[in-house]
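A short write-up of the structure that comes next.
Reminder, nothing fancy here: chain letters follow the sequence lines and each chain counts from 1.
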Amino acid sequence: MKQTVRKITQAALEKLFQADGIAVSVDDLPKFDISRSKDVKFGDFASNVALVSGKELGIKPRDLAVRIMESMELKSSGISRCEIAGPGFINFFLSPDVWRNNLYLIHSRKEQYGRSSELSGPGILVEFVSANPTGPLHVGHGRGAAVGDSLVRLLRATGSKVDSEYYVNDVGNQMNILGRSLWFRFRELQGEALEFPENHYQGEYMKQLAAEFANSSEAEEIKDLDESAAVRITSRYACQKILEGIQDDLSMFGVTYDRYFSERSLHESGKLSECLNELKKSGKAEEREGALWFFMEDSQDEKDRVLVRATGEPTYFAADVAYHTDKMRRGYDLLVDIWGSDHHGYVPRVKAAIEAFGYSSDKLKVLLVQFVNLIREGQKISMSTRSGEFITLREVLEEVGADAARFFFLTKRCDSHLDFDLDLAKKQSSDNPVYYVQYAHARISSIFRIAQEKGIDADYTDPDLEALGLKEELALMKKLADYPDVLNEAAQVLEPHRVTFYLLELAELFHSYYHDNKVLTEDDRIKKARLYLVEAVRLVIANGLSILGVSAPERM
RNA sequence: GCGCCCGUAGCUCAGUUGGAUAGAGCAACGGACUUCUAAUCCGUAGGUCACAGGUUCGAAUCCUGUCGGGCGUGCCA
């Protein structure tokens, strides 16, 4: 709908310029905005076009607004009238037919309403979580998972072709430490008295893994091996098992990936050394004091970075250069990475890397997800990964459920710190926003169920929408009409939380309406129209929840 | 020290590519269930948008500085 208003405004501006012989191209003017009016007295939509253009053209905003309004072609546009208000806003009042017609659209498109069915957009790769396979996922990863997965759903819904990927750091020193940790725990089980190294993975899960390992065929194999050979085996074993555990946790959370991308494969395929050679050849990297350095001279990063250590081992950064280059070379138009905010210092480095390979750094968008504080009984729960004292994602899911957790993570912008209150997420009351939205869906479902049980005719085909004359009904219809714009704008700025807030607002309008107005009334005409309306609400709620990855229960 | 993010009602947070009178939930207070689910609704109260300047028709939003919190600043990942 917003697009329609924009087109009409744009056309009016062009027509006006032509009539006046103004030699300014509309494209050269500052971008104007079409926004949803906050207050009904300002109409349905408002434009600041006269305000932003007036200065450029040397015309008083209000005068310009009048001229624009006069050249608008409103016939069959759905706009019933316009007004000029304040310093020069143009307010658009839409005919009620627009909202009613939109209701028909919702019913004809059903779960496709608001979505773009043709995947015409650019190819996007969203990489998220990518936690090291050295231990179970914790709550912070859960936030990244919720944001990433919902973003993928959102981008797909709005017509982009999207792949999702998890980058697995399955080589390097930490894999060695992981393998050693298992090796130590395993030998402890065999009765050896050992001092467990402090900087190794101390968590309880390593002991369980060791017990599992003891029953495996690999356990026999390593008995006669020296440490480095044994650790190679325990390392691979631990990595694989832990990764499987992570996948289980994610699937419990409703998160799946198109691909798990192994860092090891970059080493083994030779892609990593290829990249380094290219950098050397192009003069972007050079050996110095035995190490290979990446030059950051033209980039935002503050100093040069090591790619290959003096020991000959490539750094994590080298692998990431190769990984991001590989992603670009696979032909994606946009890479979205979702990282914990503690990695923010890394952004300029990776952007510099893709630029070194000839891609614009705009092709990489990094969303930084802030930390999560877990709160129980009003107290912050402290966590530390190394010591193994942390609450896992799985524990949270078992305690509060995937729906509540996902919804909660998506009620905040990702760059703000988040307090996750376990007691609140568990509460089955209005305190807990997820139920508020789900309950609206359940209530509507229940109307149809009750009708069937009581033998009430709930057929809503060919309704007379003139029967929807209440202002609450109009408000609901307008809200439903906003949905496609909400999806598109959220997708454009990569902010799935906007969908959450939209759903809360829609649910609020519905609950209030439901409370005051009976749907299954005696009056057949009204009943039919209201059934038609609430079914549209139900469709949009189910639709929006599916983008958040939250279920839409039919009864609660 | 330098860099990035954040600071909005008692609490948790929206609103930030400049727009009209800064919003919601919770908590507080007062009301509504013989009704399609009260996991709901209605009302009251609550603000120096951290602070100080600047930019302009207009600033929570942009710029500069200050204060406070988080994170980063490795030949760690």
Side-chain angles (χ1 to χ4, degrees), chain A residues 30-31 33 35 37-39 41-42 46-48 51-52 54-55 60-62 85-89 91 132 134 169 172-175 177 288-293 300-303 305-320 340-348 368 370-371 375 378 408 411-413 415-421 424 427-436 438-440 442-451 453-454 456 458 492-493 497-498 500-501 504-505 507-508 510-521 527 530-531 534 555-556:
Chain A
K31 272 197 168 161
D33 201 42
S35 61
S37 302
K38 283 182 198 163
D39 193 313
K41 75 180 177 211
F42 296 134
S47 179
N48 62 353
L51 292 162
V52 298
K55 192 177 181 184
K60 279 189 197 158
R62 280 195 74 105
F89 289 103
N91 292 329
N132 296 336
T134 55
N169 303 116
N173 190 41
Q174 49 160 356
M175 280 298 110
I177 292 176
R288 203 193 292 156
E289 295 158 18
L292 183 67
W293 293 75
Q300 297 291 308
D301 203 7
E302 54 227 344
K303 54 183 178 183
R305 305 289 174 179
V306 170
L307 291 161
V308 182
R309 287 179 267 253
T311 61
E313 277 176 295
T315 58
Y316 177 89
F317 176 50
D320 237 354
S341 64
D342 53 334
H343 288 72
H344 73 258
Y346 215 72
V347 177
L368 296 168
Q370 287 286 351
F371 288 134
I375 311 283
F408 209 84
T411 52
K412 271 88 192 172
R413 247 178 29 208
D415 55 3
S416 72
H417 297 259
L418 167 66
D419 284 349
F420 192 110
D421 189 327
L424 175 64
K427 250 196 228 172
Q428 303 203 345
S429 75
S430 57
D431 302 10
N432 192 342
V434 67
Y435 295 115
Y436 189 79
Q438 288 183 319
Y439 188 45
R443 274 183 148 175
I444 298 169
S445 305
S446 135
I447 293 172
F448 289 96
R449 194 170 54 240
I450 294 286
E453 282 166 14
K454 290 190 177 169
I456 300 169
Q492 201 185 337
V493 294
H497 77 271
R498 292 183 183 224
T500 315
F501 281 90
L504 285 166
E505 288 162 15
E508 183 179 13
F510 168 75
H511 282 307
S512 178
Y513 172 66
Y514 176 94
H515 187 267
D516 294 340
N517 302 283
K518 204 164 158 75
V519 175
L520 299 173
T521 56
K527 179 183 74 181
R530 287 183 177 175
L531 281 167
V534 298
R555 59 172 85 213
M556 288 170 72

Applying a 4.0 Å non-hydrogen cut-off, can you work out what [X] is touching in the nucleic acid: base, sugar-phosphate, or nothing?
X	value
A:D415	sugar-phosphate
A:L418	sugar-phosphate
A:N517	base
A:K31	nothing
A:T411	sugar-phosphate
A:A440	nothing

Exercise for the section: Could you tell me the separation between the CD1 atom of A:I450 and the CD1 atom of A:I456, rounded to the nearest 0.5 Å? Expected result: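 Reported to 0.5 Å precision, the distance equals 8.5 Å.
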
Practice task
Please examine the side chains of A:F501 and A:H497, heavy atoms only from C-beta on, and report whether any two atoms are closer than 4.5 Å.
Solution key: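 Of all side-chain heavy-atom pairs linking A:F501 with A:H497, at least one is under 4.5 Å.
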
Exercise for the section: Side-chain contact test, heavy atoms from C-beta onward, threshold under 4.5 Å: evaluate it for A:L531 versus A:L520 and give yes or no. Expected result: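 Sidechains of A:L520 and A:L531: in contact.
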
[X] side chain to [Y] main-chain N or O, any donor-acceptor pair under 3.5 Å?
X	Y	value
A:H515	A:S512	no
A:R62	A:G86	yes
A:T521	A:K518	no

Handout entry: Side-chain donor-acceptor pair present, A:R305, A:Y346, cut-off under 3.5 Å
Key =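 On atom types as modelled, these side chains do not qualify, holding no pair under 3.5 Å.
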
Practice task
Please check if any side-chain donor atom of A:N169 sits under 3.5 Å from a side-chain acceptor atom of A:Q174, or the reverse.
Solution key: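 Distance-only check fails for A:N169 and A:Q174.
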
[N] and [M]: how far apart are their [atom1] atoms, nearest whole angstrom?
N	M	atom1	result
B:G46	B:A27	C1'	11 Å
B:C42	B:C49	P	29 Å
B:U66	B:G3	P	10 Å
B:U61	B:A20	C1'	15 Å
B:G25	B:C41	P	8 Å

Taking the side chain of [X] as heavy atoms from C-beta outward, which of [options] is closest to it?
X	options	answer
A:Y436	B:G15, B:C36, B:C41	B:C41
A:I447	B:C36, B:G19, B:U12	B:C36
A:D419	B:C41, B:C13, B:G19	B:C13
A:A46	B:A20, B:G19, B:A39	B:A20

Between [X] and [Y], what is the shortest heavy-atom contact and its length?
X	Y	value
A:L51	A:P87	CD2-O, 3.6 Å
A:T315	A:V306	OG1-O, 3.0 Å
A:D419	A:F408	O-CE2, 3.4 Å
A:Y513	A:V534	CE2-CG1, 4.3 Å
A:A440	A:A507	CB-CB, 4.1 Å

Starting at atom [atom1] of [X], determine the distance to atom [atom2] of [N], rounded to an integer number of angstrom.
X	N	atom1	atom2	result
A:R498	B:G23	CZ	C1'	15 Å
A:Y513	B:A38	OH	P	16 Å
A:L504	B:C26	CG	P	11 Å
A:F448	B:C36	CZ	P	16 Å
A:R449	B:C36	CZ	C1'	10 Å
A:F408	B:C13	CZ	C1'	9 Å
A:F510	B:C36	CZ	P	14 Å
A:H417	B:A14	NE2	P	11 Å

Exercise for the section: Note every stem involving RNA chain B: at least three consecutive Watson-Crick or G-U wobble pairs, i with j then i+1 with j-1, with both distances under 3.5 Å. Expected result: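 Runs of three or more consecutive pairs: B:1-7 with B:67-73, B:10-13 with B:23-26, B:28-32 with B:40-44, B:50-54 with B:62-66.
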
Exercise for the section: Measure up the A:Y514 and A:F510 rings against each other and bin them: parallel (under 30°), tilted (30 to 60°), perpendicular (over 60°). Expected result: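 The rings of A:Y514 and A:F510 sit tilted, inter-plane angle from 30° to 60°.
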
Handout entry: Closest-nucleotide ordering on RNA chain B, the 5'-leading residue of A:A85 and A:S512
Key =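 Closer to the 5' end of RNA chain B: A:A85.
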
Exercise for the section: On RNA chain B, check which nucleotide each of A:L520 and A:G86 is closest to and give me the residue with the more 5' one. Expected result: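 Looking at RNA chain B, the more 5' nearest nucleotide goes with A:G86.
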
Check the interface with nucleotides 28-35 of chain B: list each N/O to N/O pair with the protein under 3.5 Å, or write none.
none

Practice task
Sugar-phosphate means primed atoms, P, OP1 and OP2; the rest is base. With that split, encode nucleotides 71-77 of chain B 5' to 3' as B, S or - using protein heavy atoms under 4.0 Å.
Solution key: BSSSBSB

Problem - Aromatic ring of A:F501 stacked on base six-ring of B:A24, 5.5 Å, 30° - result: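 The ring of A:F501 is not stacked on B:A24.
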
Problem - A:F89-B:G19 aromatic stacking (under 5.5 Å, under 30°) - result: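 One would not call A:F89 stacked on the B:G19 base.
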
Problem - side-chain N/O A:R443 vs B:A38 OP1/OP2, d < 4.0 Å - result: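 Checking B:A38 against A:R443, a side-chain N or O does come within under 4.0 Å of OP1 or OP2.
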
Practice task
Output yes when at least one side-chain N/O atom of A:S416 is less than 4.0 Å from OP1 or OP2 of B:A14, else no.
Solution key: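 Yes, because at least one side-chain N or O of A:S416 sits under 4.0 Å from OP1 or OP2 of B:A14.
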
Practice task
Check if the side chain of A:N91 and the base of B:A20 share a donor-acceptor pair of N or O atoms closer than 3.5 Å.
Solution key: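 Yes, a donor-acceptor pair under 3.5 Å.
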
